[in-house]
Structures are given as structure tokens and as C-alpha cells.
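A short write-up of the structure that comes next.
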Amino acid sequence: MKKWVYKFSAEQTDGNKDMKSLLGGKGANLAEMCAMKLSVPPGFTVTTEACLDFYKTNKEISKEIRDQMIEALGWVEKLTNKKFGDLENPLLFSVRSGARASMPGMMDTVLNLGLNDNTVLALAKKTNNPRFAWDSYRRFIQMFSNVVLGVNTSHLESNLEDLKEARGVHEDTALTAADLEELVKVYKQVLLEDHGVVFPQEPMEQLWRAVGAVFGSWNNNRAMKYREMNNIPHDWGTAVNIQSMVFGNMGDTCATGVCFTRDPSTGEKKFFGEFLVNAQGEDVVAGIRTPQPINNDSKMESNKHQKTLEEVMPKAYGDLVEDYKMLERHYKDMQDIEFTIENGKLWILQTRNAKRTVNAALKVAVDLVAEGLITEKEAILRIQPEDLNQLLHPRLDPKAKKILIATGLPASPGAASGQMVFTSAHAEEWHKNGKKVVLVRSETSPEDIGGMVASTGILTARGGMTSHAAVVARGMGKPCIAGCTALLINEKEKTLSVKGKVYKEGDFITFDGANGEVYEGVVPTIEAKITADFATFMKWADGVRRLRVRTNADTPEDTKVAVEFGAEGIGLCRTEHMFFAPERILAVREMIFAETEKDRKKALDKLLPFQRSDFKGIFKEMNGMPVNIRLLDPPLHEFLPHAEKDQQELATSLGISMKQVKERNDALHEFNPMLGHRGCRLAITYPEIYLMQVRAIIEAAIESDKEGVKVLPEIMIPLTSELREYTLIRNECKTEIEKVFKEKNHTVKYKMGTMLELPRACIMAGDIAKEAEFFSFGTNDLTQTTFGLSRDDAGKFLPSYTQKGIYPRDPFVSIDQEGVGFLMKYAIAEGKKTSTSIYAGICGEHGGEPQSVEFCHKIGLEYVSCSPFRVPIARLAAAQAALR
Ligand code: PEP
Ligand code: MG
């Protein structure tokens, strides 16, 4: 018989921390902590395989699984000396999801399961605490209704708010047992009258339904969205953890909280956390009450006057300190721990590797190496390359004038500036229309995930550092301020009032997630500064990687940024990007409109000095590193004048009529320009274009060489499909280059090669390698042409392909290793057969995407090339590929 259920308790534990794919992260860590003999309430985990089975069997929990659960339930009853549904000493459970990868807040949880109209009385009597019993029951009804019955919680919670208002109290904790008993009645009535359901009283029925709902929540919209964003496969499934309850809401000797073994914002080695007295876990996360600091190190502006856990429950705090140290040493990483204190006794409910900002992650990794807990190699593998993106977040210009309107908790660093929106729906809609928005909410819930993705930053009025908004934003690398209590948000009216001033939706706002300050209007930002830990870490990474990392840059300015980020050359300089500057575009248009070679040359002569000076600037920045310059590639129509004003200007400059301009525009129109007159095909019809470009490159190289700059130009011909095509163009270019050498009486070394961005080019690579000195895979076009998918239009329908699992990922984002990758491998192998000296790189967008970088490492490319801001990501991905 298959094992579907794994037990965990200090006495017996079936699993361990390495069983995440079967038990989920939470289940595996609960098992591990039990093995470590920490105080963990006993329970059992129903495996992810059971979840997959659930979906296979039409959303039924099979009898075999149920039987194993019943057996495990009896085992927990024995251990706890309580009985599920008992009328004297009832056992209650929490039912929580737990997938292989952490998906905070994405799936569902039910606490206090097992309560009903009778067991609530038993619990009241047994604990001699009716208030606690009724509080637990009303929480259970709320959660169960939401998670299992699909009732919007606000339908019930408004009754709680009404009751508090009627009693004239602010905090839930001020309600009496009688109040809560009354509330339970109201809840059940609302469920019956508004939703037609009788709240289920039978504990076993509650359990089956809750487990089914947690399995079901694997495929709720927000979980699916989260997985898509984080590249988590949809077929992993979630485990369910059924754990005996311990109570943080039994009174003032009880509490619940969340802590981090180091500061999750900075990575500093200080124990950091928040807690609430007389509360249950969801209160901390939901941000309904502002939590208290666990110690002095955790104090912030908003809670610095509150008592710490260390002060109010010194014994439990001391135990927590002992446990956190043990957990961090054991896991060799910063932990995020959930705990509950029941009548002074500490229970650990969960531990996991803490989500952190990338700066914190770098600091923790570097510190852990210094502390001897992990090796440099382990440290390199600890950071997700994509996370380095966060480092690139701009900061507010300290010199800029700012109007401070409020201060909240610095939940996730980075500066955000944009138009305020008050709903996630608007955030998504405005974002689609090209607007930069800041999502402003009282608090966020997992429903807001789409809106958070669409926003440049998230600002909430409630919640602490561990609230949903804070945790999720930090994970996304988005700036966030939480708990900005001075803000009065009216989500209905779509207004924000603060200090007597009212702001409307669409008004601009800026905030700094690093210090929690909110400003009126737009405040200028400056680029990110790189820390010493980053430099140390990247040095380790550079020490192990084989793959070189170059950059795609077209201007000296971009080149400079890329060098600062560690670029080791230019892998692609798209010369046409230089053509759009206002003083150049007219000459480009004159060239396109020229009807004779003579006129075309005249226009090209105007462009030459611009190109030469750009190349000189780039050579200077790249001093000693290879610079790959691609000759003109895009279809000429991209440069045509479409606006009336531009057409007029061109007509005047050329001394022709507007009618002639329009006619020529029409004549240049192509039905399929991406497969049309572009790339080296331009040079077949108009050789003088490339001749001007190679002249500019070589003249720039000679001038630079004379000035003592070390130049290594690589001249690249795009969109080649055939050796004869390549050779013809290459020979023409070489003749021109020899001419320049003679004129200047000075030579420089250079290389000539080609892009491989058509399937035919890859197939013929063995042939092309007879003459080409290097290859560069243009995987944007290679993907487009291999799939026959338009790179400009596929965005409209590709998402359906990934959602339906036809393509695992968007092939324009991550290389299609089987198809496009096959062509690449074939081309390299054939090329090497012909030429032992040939080398290959990649310059499509994939060159900065970690999985593609790993693939490029595996197939033996010399380098990857990516945009300047992705250079550190590629460096790290290349190092990880080498280590793996
Ligand atoms: C490519 O096709 O991958 C490439 C780098 O060229 P471009 O994106 O300019 O077409
Ligand atoms: Mg291309």
C-alpha cells in the first residue's frame, strides 16, 4: 500500500527536511523540527501525491488516503490525550497547505477545525475560558466559510465590526464571551439566510471538506498566477498539514508571532520579529492589529513604545532565542519562524528559509561564509540570479525637494513613483494602458496579486513587516511601505486623506520602501549603488564561471554602465539604434529615399562621422575588450517618416513633393517586413550601406589605436542564410577595409563573422564556418523563425500556450532547449568540424535569462551577451551553471 500520510511528533517522525517534493516545504520542515526535538504540536502531512490523486479522481479523497488519515488522527489523539469531536476534551486541528516551493498566502488555511455547537462548550469548560472558546469558534466559522464554503469573508466580518461599534470597542480582544457567542449565532444565520448553508457540525465532515478545499486551492487563480510569475510547475500539487492546535488566544499569557533569525530587510545579524498577545496567527499576517516588537532590536517608529516579548514573557522569549539559534545552525540559513505561546509555553509552528531582499540575501550569504557555516560555493548557489534585479532599483535623489506626507514601515526597499490607484483591478487596467501606478490599499490580500504585479510599488495603511503586502512585495522585489497608519484610505470614494489633505485616484505619489517615507507628487530617482557584499559575492561567482558575459549596448553611455556591472565585452552593438537621434534620422531617410547609388552615398557620407564617433566612444569604454558591431539589420521601413511633419521635412530637404514622399513610402511597404528586405539582404542590394559602416568602424578603430586605446573589433553580418551570401558581403567589406588601411597607412586587427538567426543558417553552419571567424546566435529571430511565431505579435496568444502547458515557458523569454537549442548544438558541432578556431556566443534576449544561460554553458558557448542591467544576473547564472 502506498504511503499517503506522514506523521510528525517529538516521539515519531516519518519525514525529514529533504522530502519537500512529497511533503511540501512546511511538512518537510515540521518533520525535521520534530526530529530535532523542538516543541512542535503533533500532526500529520497528507502528501502532494495525494493532491495529484485528488485531481485524478474527480476531486475525491480516496478511501485509502482517508483510512491512513483516520489512523494518523487516532495517533495524534493518543499523543495529546484529547479526542477529535469529544464532548469533554476536544482535539482541534489546523489544516494548512504547503507546497514544494513556498507560495506565501497563495493557498488556504483553516484553524480551530473540530469546533461545533457542542465542542465549543466542552472547550469552554475544559479551559475554564469561555471567551477563548467562542473566539476560536467564530474564527473557525469565518475561515471555514471563506475557504471551504467560498463565502466572501467580508460578509461575516462586517458583523464583527458592527458588534465592536455597538460595544464601543476598537480591538477584537475587548469583546466578551457573550459578545462572541452572539456573533457565532449571527454568522450562522448569515450563512443560512444569505448563502443557504447550514454550518457543518460533524468534525469528520469538516476535516474532509477542509482537506478537499486546500487541495482545491492549489488551482485557485492567485496560486496559478503566482506560479506563472515564479516559474513553479502547475503539476507539483500541494501537501496538507493537519496539526493539533495550540492556542495563542487563550488570554494574556498567550501570544502568537513571526520572527526572522536576521533582519530580512538588511540581512544584519539581529534577531527580528513581531507578535500579538492573545491572538491567532492570521491576526499577525492580516495586519488587523499593529504587532509589538519581540525585542529592542525589532522596534520601529510605529511600535517603539510598546512592550517587547522579552519584557512580557521572558521565559518564552528565552526559549525562542535558543530555538532560533538552533534552527539557523541546523538549516545553515536565515529562517522565518512562526510561533505560538500557549499559557507561557513556546510552540514552534513553522520554519522556512526566510524571504529577503537581495541585499539582505547577499549580506547573509557573505556573513554565513565568514561564520564558517557554509562555503563560498554554497553561498553562490544561495542567490537566485533573477533576484539581483532588485539591486538595480533606483533610489530617491537625496538632493531632490520632497514634500513628506507620511511615514510607514520600510517593508521592501526601492523607490516607487506613479499615479495612485486604489484597487487591483485599476492597477492592472492602468498598467495595461501604459501608466505607472502605485497601488494604495488599507491592506492587501492574496487577491491583490495581479494588482501588485502591475504596480511599481505598494503602499498600505495597515499591517506590519510580516503582513501580506510586505512579504509578497519583498519576494517580488517591488518597493513597499506597510502600516502607514496616517493614511486614511477610502476605497469606495477612491481617495486618500492625510494631514487634512485629500488626494484622488490618478494623483502622483512617491515613496521610499527603504525608509518608509511617502511624498507628494513625483520625486526624481537615482540609480542603485552596489554594496561591498555584492562585490565580494560576485568575485566568488566570477571565480568559478567559465562562460564570459558580454553586453548588448549601442552607445558609450550604456557601455559604461555595463562595464560597471562587470561586462567583459560587447556581444551586440545594434548600429541602427544610433540612427534614431534627431540629427541623424533625416540623413537616414535621405539614404532610403535615394534613387541612385550616388545620392545614397551622399546621405551615407553624412552618417559616417556620427557612426565613427559612437564607435570611438564605445572602444574607449571597452578598452581591451572585444566589441562586436553588427551591420545594419532592420527593414528600412522602420525608419520611414510616418508623421506629416517628418514627411514635410524630408520633402524639403530632398527638394521633392509630399506626393513623392508618400509614393516612396508606399513603395517600401512590405507585407512581412521581418522576413523581408532586412539584414544582410540590404547589403546585397545596397552594398554601400555596409561599406560606410565598416569604414566608420575601422576609422574609429585606427584613431583609437593611435590614441593608445586597445581595440578588438568584431564585425558581424546579420541574418545570413548561406555561405555565398556571407562571402560576397564579407569580401566587399574586406576590400573597403583594406582601402581604409591604405589611406590611413595604419592597420588594426579585426574579426568578421555572422549571426546565426535562421534555421537554415544553423543547418549550413558547417559550410559558413569555412569563412566566418565567429558565430553569434540571434535567438530572438531564431526563435521567431524556428517556431514560425512573430516576435511582435505572439504576445497576444502565447500566454494561452503556457497556461495550457503546451510550451513550458514563453520561448522568447527562456530558450526552447529542445527545438531552438537543437539547432544551436548542431550549428556549433558542424562549425567546429570545419574550423577549430571558431567560437560562438549568444546575443538574443535569452542571454540574460538564467535557465538559458545555463543551457549556453552546457552547449559550450564562449559567451552570453545581455542588456547592461542583466549582466550581474548572467554572471551569477553562469557561475551556478559551472557549479552544477
Ligand atoms: C536576435 O535576433 O536575437 C538579435 C539579437 O537581433 P535583433 O533582436 O536585433 O533582431
Ligand atoms: Mg535578429
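Note that this is a predicted model, so its numbers are computed, not measured. Both ligands and their constituent atoms are indexed starting at 1 by order of listing. Only heavy atoms go into these numbers, but all of them, side chains included; no hydrogens, no water, no symmetry mates. If you read the sequence from its start, that first residue is 1, and numbering goes on from there.
Within the structure, the closest approach of Q784 to ligand 1 does not fall below 4.0 Å when heavy atoms are considered. Ligand 1 lies nowhere less than 4.0 angstrom from a heavy atom belonging to E845. Residue M716 places every heavy atom at 4.0 Å or more from ligand 1.
Of all atoms in ligand 1, numbered sequentially from 1 with element shown, those under 4.0 Å from a heavy atom of C843 are 5 (C). Less than 4.0 angstrom separates some heavy atom of M755 from each of these atoms of ligand 1: 4 (C), 5 (C), 6 (O). Under a 4.0 Å criterion applied to the non-hydrogen atoms of L572, ligand 1 contributes the atoms 5 (C). Close contacts of ligand 1 with T779, meaning ligand atoms under 4.0 Å from a residue heavy atom, involve 3 (O). Taking a cut-off of under 4.0 Å to the non-hydrogen atoms of R791, the atoms of ligand 1 that pass are 2 (O), 7 (P), 8 (O), 10 (O).
Of all heavy-atom pairs spanning P759 and T785, the tightest one is CD-OG1, 3.2 Å.
Residue contacts to the Mg ion (ligand 2): E757 brings an N, O or S atom closer than 2.8 Å.
When R678, R574, E757 are checked for heavy-atom proximity to atom 7 (P) of ligand 1, R574 turns out nearest.
Taking atom 6 (O) of ligand 1 as the reference point, the nearest protein heavy-atom neighbour is R630 NH1, 2.9 Å.
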Handout entry: Residue pair D705, K744: steps toward the salt bridge (Lys or Arg N to Asp or Glu O under 4.0 Å) verdict
Key = CA-CA 12 Å; D705 190 48; K744 307 282 174 197; over 6 Å; no
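Between E597 and K602 no salt bridge is recorded (no basic side-chain N to carboxylate O distance below 4.0 Å). With salt bridges taken as basic N to acidic carboxylate O contacts below 4.0 Å, one links R630 and E576.
For G778, a nitrogen or oxygen atom sits less than 3.5 Å from a nitrogen or oxygen atom of ligand 1, counting backbone and side chain alike. Residue N780 places at least one N or O, backbone or side chain, under 3.5 Å from an N or O of ligand 1.
In this structure, CD in E564 is found 11.0 Å from OG1 in T559, a value given to the nearest 0.5 Å.
No side-chain heavy atom of R664 sits less than 4.5 Å from a side-chain heavy atom of I592.
When the options N628, I737, I629 are evaluated for a side-chain contact (heavy atoms from CB on, under 4.5 Å) with I715, the one that passes is I737.
Residue-level check: among N/O/S atoms of D781, OD2 sits closest to the Mg ion (ligand 2).
Between F579 and F610, the ring center distance fails the sub-6.0 Å criterion.
The aromatic rings of Y686 and H677 sit tilted relative to each other, their planes meeting at an angle between 30° and 60°.
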